[in-house]
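Each remark here refers to the structure printed beneath this line.
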Amino acid sequence: MKRFNPSELETKWQKIWEDQSRYEVNEDSTKPKLYVSGMFPYPSASGLHSGHAFSYTIVDTIARFYRTHGYNVLNPMGWDTFGLPAENYAIKTGKAPAKVTVENIANFKRQFKRMGVSIDWSREINTSDPDYYKWTQWVFTEFFKQGLAYQKQSMQWWCPVDKTVLANEQVEGGKCWRCGNEVEKRSMKQWFFKITDYADDLLAEIPDLDWPEKIKTAQTNWIGRSEGAEITFVIDGQNEELTVFTTRPDTIFGATFMVIAPEHQLVNKLVNEDTKQVVENYVADALKKSEIDRMNEGKEKTGVFTGSHAINPATGEKIPIWVADYVLGGYGTGAVMAVPAHDERDLAFAEKFSLPVVNVIDGVKNDDGVIISEGTLQNSGAFDGTPTSDAREVIVAWLKEQGVGKSKITYKMRDWLISRQRYWGAPIPIIHCDEHGAVAVPEADLPVVLPEVKEYAPKGEGGSALAGVEDWVNTTCPECGKPAKRETDTMDGYACSSWYLLRYTDPNNAKQAWNPEKANYWAPLDYYVGGDHAVAHLLYVRFWSHVFKKMGLVDVREPVKKLVYHGYVNAEDGRKMSKSFGNVIDPLDIIDQGYGADTLRTYVLFMGPIELDSAWSSQGIGGVYRFLNRVWTLAQEYLGASPQEAGKQDDLEALRHKTIKKVTRDYHSLGFNTAIAALMEYVNELYKAKTTGFTSDWQIHIETLVQLLAPFAPHMTAELWQQLGHDGPLDTTEWPTWDDALTQASVITVAVQVNGKLRATIELSADSTQDDATTAAMTNENVQRFLDGKQPKKVVYVPGRLVNIVV
RNA sequence: GCGCGGGUGGUGGAAUUGGUAGACACGAGGGACUUAAAAUCCCUUGGCCUCACGGCCGUGCGGGUUCAAGUCCCGCCCCGCGCACCA
C-alpha cells in the first residue's frame with residue numbers, strides 16, 4: 001500500500017499541469033464561460049502570506065469546480081507592482097524598483113504554483129511593464145480628451161525640507177515622517193479624474209449588484225448624494241455674494257448667521273481692520289491641523305467672527321458671517337447658512353458664541369434640543385403653516401423667482417486626485433507647452449517610458465524624481481513642435497488596477513488595450529475575490545468600466561458580477577499576523593512541513609465561513625491533514641482488496657446521493673466549510689461500513705469522494721483518479737449527479753413531541769404515512785407517559801421530521 | 001453620532017430558513033494495537049440531577065406571536081468593522 005506523500009504527489013502533478021499548459025484557455029463559443037479572479041497581489045519581498053493563500057484558494061476552488069461543469073474557465077494572474085514599498089526600498093538601497101519587482105514576481109509565481117493553483121499563466125500581466133502601462137497611459141489620454149482628466153489647484157501636505165508632497169498618513173502630529181519638520185498645507189496644481197460626473201450612474205447600479213450589503217452601503221455612503229438647494233446671500237455693504245448649499249431650504253427664515261470654511265476664498269474680503277489679525281491666525285491654525293487633530297478635538301466648536309454681515313434673502317435681516325473649521329472647504333460651496341434651531345452643529349455653535357436662535361418649525365425636539373423632524377412652518381412670513389415637506393420646493397421656487405436660489409444635488413464624493421510626485425508609477429502622458437498648455441502624448445508615442453534614474457527621492461518644488469531627468473523632461477510639443485516639458489507626476493497605482501480585469505481578456509495585444517470581441521466574450525467577471533478595498537478600488541473599477549461602456553469598448557457597464565468579500569486570517573493568538581508579534585504563519589512553511597498544498601487549501605476553507613475573520617489553528621490543520629490521510633488510506637485499502645464481491649448497500653448509496661447534493665449546493669453558495677464537513681461525514685460512514693468488507697459498489701463511493709474533493713485537494717485526487725483506473729484528467733471529468741429520490745435512507749428517524757417538547761425519537765420506514773407515524777408515536781412508551789391518557793387535541797406532522805402531539 | 005455585521009459548548013463553527021440545538025473539526029477523557037512512544041483505529045464529551053429508564057435547564061438580556069422560536073415581532077445590553085462636523 002502506497003503511503004500518503006503530499007510532497008511527492010504535488011511535485012508530480014504540478015509538473016504535469018505545467019507541461020500540458022492545462023489551464024490555458026481561449027474564447028470558445030460552444031461552451032459557457034466563467035471568469036474568476038482574485039484582486040491581484042502586490043508582489044512584496046516577503047512572499048505569499050496567509051491572506052493570499054486564503055484568497056487564491058477560494059478563487060482556485062471556484063475555477064476547478066466550474067471546469068467540471070463544462071465551463072470554459074478563465075483564471076488569470078497578474079501583479080500590481082507600482083507603489084510605495086518598492087520606491088522606498090529604492091530610496092534606501094539605490095536598487096532599481098523594476099529589478100526588485102522582477103525578483104519578487106518570480107518568487108510569488110513559484111509560490112503560487114506550489115499551492116496548486118489552476119492559472120492560465122500565458123495571461124500574466126504586470127502593471128509596471130511598459131507594454132501594460134502604455135495602455136494605462138492611453139486611457140489617461142482618452143479621459144483627457146473627454147474632459148475626464150483635468151488639472152486643478154488643490155490643498156496638499158507639503159514638507160518644506162524634503163520638498164515633497166506627503167500623503168495624509170505620512171504626516172505625524174503635524175510633522176514630516178522622514179525629517180520631523182513641521183509640514184504645511186500648500187495649494188498645488190494636481191491631476192484629477194472626474195469621477196463625480198459618474199456619481200449618479202455609479203449610485204444607480206448599486207442596488208442591482210450581487211455584492212455584500214456592507215460594500216454596497218459603503219459605496220452608497222461614499223458617493224453621498226444629497227438633494228437640496230444653492231442659495232445666494234448678498235454681503236452687506238460690499239459688492240460680493242456668498243452662496244451656500246443646504247438640504248433644508250425650508251428653514252431659511254431661521255438662518256441667523258453664516259459660517260464659511262477657513263479655506264474659503266472670500267475670507268480675506270470679509271475681514272476688517274479689527275478682525276483681520278484674529279481671523280488670519282485662526283485660518284492659519286485650522287489649515288495646519290491634520291484630520292486626526294480635528295477628530296481629537298471632538299465636536300467642540302471653534303470659530304471667529306469675520307466682521308462682515310450678509311442679508312438673509314428671506315427675512316431681509318443682517319446676519320453675521322463667521323469662519324469655523326466645522327464647515328468643510330471641499331463640500332458644497334464651503335459655506336453654510338446656519339439654522340441653529342434645526343441643526344445640532346449650528347446650535348452648538350450658536351450656544352457657544354451667543355448667537356440668536358429662531359425656531360421656524362412647529363415640531364418635535366430631539367434629544368439635542370433641535371427640531372429636525374417634519375412639521376409646519378412658523379416665523380416664516382407668508383409661508384407660515386406650510387408643511388415642511390412641501391416647503392422645500394415652494395421656498396426654492398420663491399427664491400428662484402428672485403434669482404437667489406436653485407435646486408442642487410451635491411455629492412460627498414470628490415474627484416479622484418491621481419497625480420503623485422513619485423518615481424515608481426506610470427508617467428502621466430502629458431506634455432506642457434507654453435503655447436498649447438497641457439497636450440496629451442499621441443497614441444503613436446506611447447508608452448512614455450519611465451526613465452532609469454540614480455536618485456529615487458522626490459525632487460524640487462513638488463516634482464517627482466523624474467523632474468531631475470533633464471533629457472527626459474525636455475521634449476517637443478506634439479502640436480507645434482516647439483520645446484516643451486513633460487509632466488513629471490506619475491499616476492496613482494489605483495489607475496493601473498482600474499482596468500486590469502479587461503486586460504486579462506487580451507493580455508498580449510500590442511495594438512489596443514484589448515479587443516472588444518474578446519472582452520465581451522469574458523466580461524463581466526463572474527467572481528471577484530478579495531478582502532480589502534471596500535470603496536476605493538472597487539469604485540474606481542466600476543467608474544472606468546462605466547466610461548469604457550460609454551466609449552463602446554465593452555458591452556457591460558458593471559465589471560464585477562459577484563463580489564466575494566472574505567475575512568481576514570488572524571494569527572493563532574487572535575491578533576493580526578505581524579512580524580512584530582512573531583505570530584506570522586507562512587503558508588509555504590505549512591506546505592514544506594509536510595502537510596502539503598492540499599491540506600493547506602482544504603484547511604483555510606474549513607476554518608469557517610469565508611466572509612468571517614478567522615484565527616489560524618495549528619491543531620485544526622492537523623485535523624484536516626488526518627482527514628485527507630483517511631481518504632487516501634481508504635482508497636488504498638479498497639484498491640488493495642481483492643477479490644471484490646458484487647454487492648450494494650442501499651443506505652450507503654443514499655448517503656452518497658445526499659452527500660453529492662449537499663456538497664454541490666455548498667460549492668455553489670461558497671459554503672466550503674460545510675461541504676468539507678459533509679465529506680468528512682461521508683468518509684466516517686465509509687470507515688464504519690468497510691469493516692464488513694469491500695464490495696463492487698465501493699468503486700463508485702471512492703470515485704464520488706475523489707471527485708467531490710477535487711477542487712479542494714487537486715493533487716491527491718488527481719493521483720487517486722489515476723490509480724482508480726482513469727486515463728483522462730479529473731479536472732474536466734463531469735461532476736457526479738444525484739437523484740433526489742435516492743437520497744432517502746430506508747429507515748428514517750422521526751422526532752416525537754408532546755406539547756412541543758421532545759419525548760422520543762422513533763424509527764420508521766421511509767414510505768410511512770402520517771397515520772403510520774402518528775400511530776407509532778402514540779404507542780411509544782415514553783410518549784404515553786406524557787399523554788397521561790388524554791386525547792390529542794391536535795397532531796402536527798412534518799413528513800420525515802417530526803410528530804407533535806398537542807393535548 | 002450614523003451605517004453594516006455579529007453574540008450558540010472549553011474552542012472554530014453547524015442547524016435543510018419556523019420543525020430533534022450543538023453537524024463537522026479541534027481540545028479533553030477512556031480503550032485497542034505497541035516492550036514503550038509516535039502514528040493509526042474505536043468509544044465518550046453542553047450543564048445539572050439520576051445506579052439506571054429518564055428528567056430539568058440551555059442559543060447575550062426582557063417580553064410577545066406559534067402546536068413548535070437560535071431562526072419571526074417589540075424593547076434593551078454587549079462586541080467587531082466601516083464612515084465620521086457632508087449643512
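Here is how names work: the chains are called A, B, and so on, in the same order as the sequence lines, proteins then strands, and each is numbered from 1. Because the structure is a prediction, the values reported are computed rather than measured. Below, each value reflects all heavy atoms present in this structure, side chains not excepted, and no hydrogens, waters or symmetry copies.
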> G12(B) and G7(B): how far apart are their C1' atoms, nearest whole angstrom?
Replying inline: 15 Å
> If you check the T761(A) side chain, which of C43(B), C85(B), U20(B) turns out closest?
Replying inline: U20(B)
>> So, does N804(A) get its side chain near the phosphate of U20(B), meaning an N or O under 4.0 Å from OP1 or OP2?
In response: no
>> Any base atoms under 4.0 Å from P609(A), or only sugar-phosphate, or nothing? Heavy atoms, all strands.
In response: sugar-phosphate
> How is V336(A) classified with respect to the nucleic acid when contacts are heavy atoms under 4.0 Å: base, sugar-phosphate, or nothing?
Replying inline: base
>> Could you tell me how far apart E611(A) (CD) and G5(B) (P) are, to the nearest whole angstrom?
In response: 12 Å
> With both distances under 3.5 Å as the test, what is the Watson-Crick or G-U wobble partner of C83(B)?
Replying inline: G1(B)
> Do V569(A) and M607(A) have side-chain heavy atoms sitting under 4.5 Å apart?
Replying inline: yes
> When you match M413(A) and A751(A) each to their closest nucleotide on RNA chain B, which lands nearer the 5' end?
Replying inline: A751(A)
> Would you call G75(B) syn or anti, using the 90° rule around 0?
Replying inline: anti
>> Does A14(B) have its OP1 or OP2 closer than 4.0 Å to a side-chain nitrogen or oxygen of N673(A)?
In response: yes
>> Which nucleotide, if any, forms a Watson-Crick or G-U wobble pair with G27(B), using both distances under 3.5 Å?
In response: U45(B)
> L538(A) has an atom CG; how far is it from atom P of C83(B), in whole Å?
Replying inline: 13 Å
> With a 4.0 Å cut-off on heavy atoms, is T246(A) in touch with a base, just the backbone sugar-phosphate, or nothing at all?
Replying inline: sugar-phosphate
>> Rounded to whole Å, how long is the line connecting atom CG of D666(A) with atom C1' of G13(B)?
In response: 14 Å
>> Once you apply a heavy-atom cut-off of 4.0 Å, does K412(A) come out as touching a base, just sugar-phosphate, or nothing?
In response: base
> So what does S614(A) hit on the nucleic acid, given a heavy-atom distance under 4.0 Å: a base, only sugar-phosphate, or nothing?
Replying inline: nothing
>> Taking pairing as Watson-Crick or G-U wobble with both contacts under 3.5 Å, can you name the mate of U35(B), or confirm there isn't one?
In response: none
> Quick one: Y797(A) OH to A68(B) C1', roughly how many Å, whole number?
Replying inline: 16 Å
> Out of U20(B), G19(B), C24(B), which has the shortest distance to the side chain of V796(A)?
Replying inline: G19(B)
Pairs: protein N or O with nucleotides 27-29 of chain B N or O, under 3.5 Å:
from	atom 1	to	atom 2	distance (Å)
G27(B)	OP1	Q619(A)	OE1	3.1

>> The side chain of S226(A) is closest to which nucleotide in this list: A23(B), A87(B), C67(B)?
In response: A87(B)
>> Which label fits Y494(A) and H537(A): parallel for a plane angle under 30°, tilted from 30 to 60°, or perpendicular past 60°?
In response: parallel
> In this structure, are over 12 heavy atoms from other groups packed under 6.0 Å from W222(A) atom CH2?
Replying inline: no
> Between Y331(A) and F245(A), how do the two ring planes meet: parallel, tilted or perpendicular, split at 30° and 60°?
Replying inline: perpendicular
> C72(B) pairs with which nucleotide, Watson-Crick or G-U wobble, both distances below 3.5 Å?
Replying inline: G64(B)
>> F192(A) vs W416(A), test: ring-ring contact (aromatic ring centres under 6.0 Å, His included). Steps then yes/no.
In response: CA-CA 5 Å; F192(A) 290 84; W416(A) 171 12; over 10 Å; no
> Think R601(A) forms a cation-pi with F712(A), using NZ or CZ under 6.0 Å from the six-ring centre and within 45 degrees of its axis?
Replying inline: no
> T256(A) versus V339(A): any side-chain heavy-atom pair under 4.5 Å?
Replying inline: no
>> Please report the distance separating the C1' of C61(B) from the corresponding atom of U8(B), rounded so that it comes out in whole Å.
In response: 15 Å
> To the nearest angstrom, how far is Y568(A) atom OH from G6(B) atom P?
Replying inline: 18 Å
> Between atom CG of L634(A) and atom NE2 of H701(A), what is the distance when rounded to the nearest 0.5 Å?
Replying inline: 10.5 Å
>> Using atom P in both nucleotides, what's the gap between G27(B) and A38(B) to the nearest angstrom?
In response: 13 Å
> Which part of the nucleic acid, if any, lies within contact of G224(A), taking any heavy atom under 4.0 Å across all strands shown: a base, the sugar-phosphate backbone alone, or nothing?
Replying inline: nothing
>> Taking syn as a glycosidic torsion within 90° of 0 and anything else as anti, which one is U44(B)?
In response: anti
>> Need to verify one output field. Residue with the more 5' nearest nucleotide on RNA chain B, N629(A) or A678(A)?
In response: A678(A)
> On a whole-Å scale, what distance lies between the C1' atoms belonging to A15(B) and A69(B)?
Replying inline: 13 Å
>> Give me each pair satisfying side chain to side chain donor-acceptor pair (under 3.5 Å) with a member in residues 604-627 of chain A, each pair once, sequence neighbours excluded.
In response: E572(A)-S618(A)
>> For a 4.5 angstrom cut-off between non-hydrogen side-chain atoms, does P340(A) reach L355(A)?
In response: no
> Roughly how many Å is it from NZ in K688(A) to C1' in C43(B), rounded to a whole number?
Replying inline: 11 Å
>> Determine whether the aromatic ring centres of residues Y565(A) and W211(A) are separated by less than 6.0 angstrom.
In response: no
> Under a 3.5 Å cut-off for both distances, is U17(B) Watson-Crick or wobble paired, and to whom?
Replying inline: none
>> I'd like the C1' distance from G31(B) over to G18(B), given in whole Å.
In response: 42 Å
> Between E213(A) (CD) and C2(B) (P), how many Å, whole number?
Replying inline: 20 Å
> Reading nucleotides 52-58 of chain B 5' to 3', which nucleotides get B (base under 4.0 Å from a protein heavy atom), which S (sugar-phosphate only), which -?
Replying inline: --SSSS-
> Considering only heavy atoms from C-beta outward, does the side chain of K658(A) approach that of V663(A) to under 4.5 Å?
Replying inline: no
> Which part of the nucleic acid does E344(A) contact within heavy-atom distance under 4.0 Å: base, sugar-phosphate only, or nothing?
Replying inline: nothing
> Base, sugar-phosphate, or nothing for D346(A), non-hydrogen atoms under 4.0 angstrom?
Replying inline: nothing
>> It should be established whether Y326(A) places a side-chain nitrogen or oxygen under 4.0 Å from OP1 or OP2 of nucleotide A87(B).
In response: no
> So does K793(A) reach the base of C67(B) with its side chain, donor to acceptor, closer than 3.5 Å?
Replying inline: no
>> I'd like to know whether CZ of R665(A) has more than 12 heavy-atom contacts from other residues, nucleotides or ligands below 6.0 angstrom.
In response: no
>> What is the separation between atom CD1 on I621(A) and atom P on C26(B), rounded to the nearest whole Å?
In response: 13 Å
> What's the closest nucleotide to the M680(A) side chain, out of U20(B), C24(B), C26(B)?
Replying inline: C24(B)
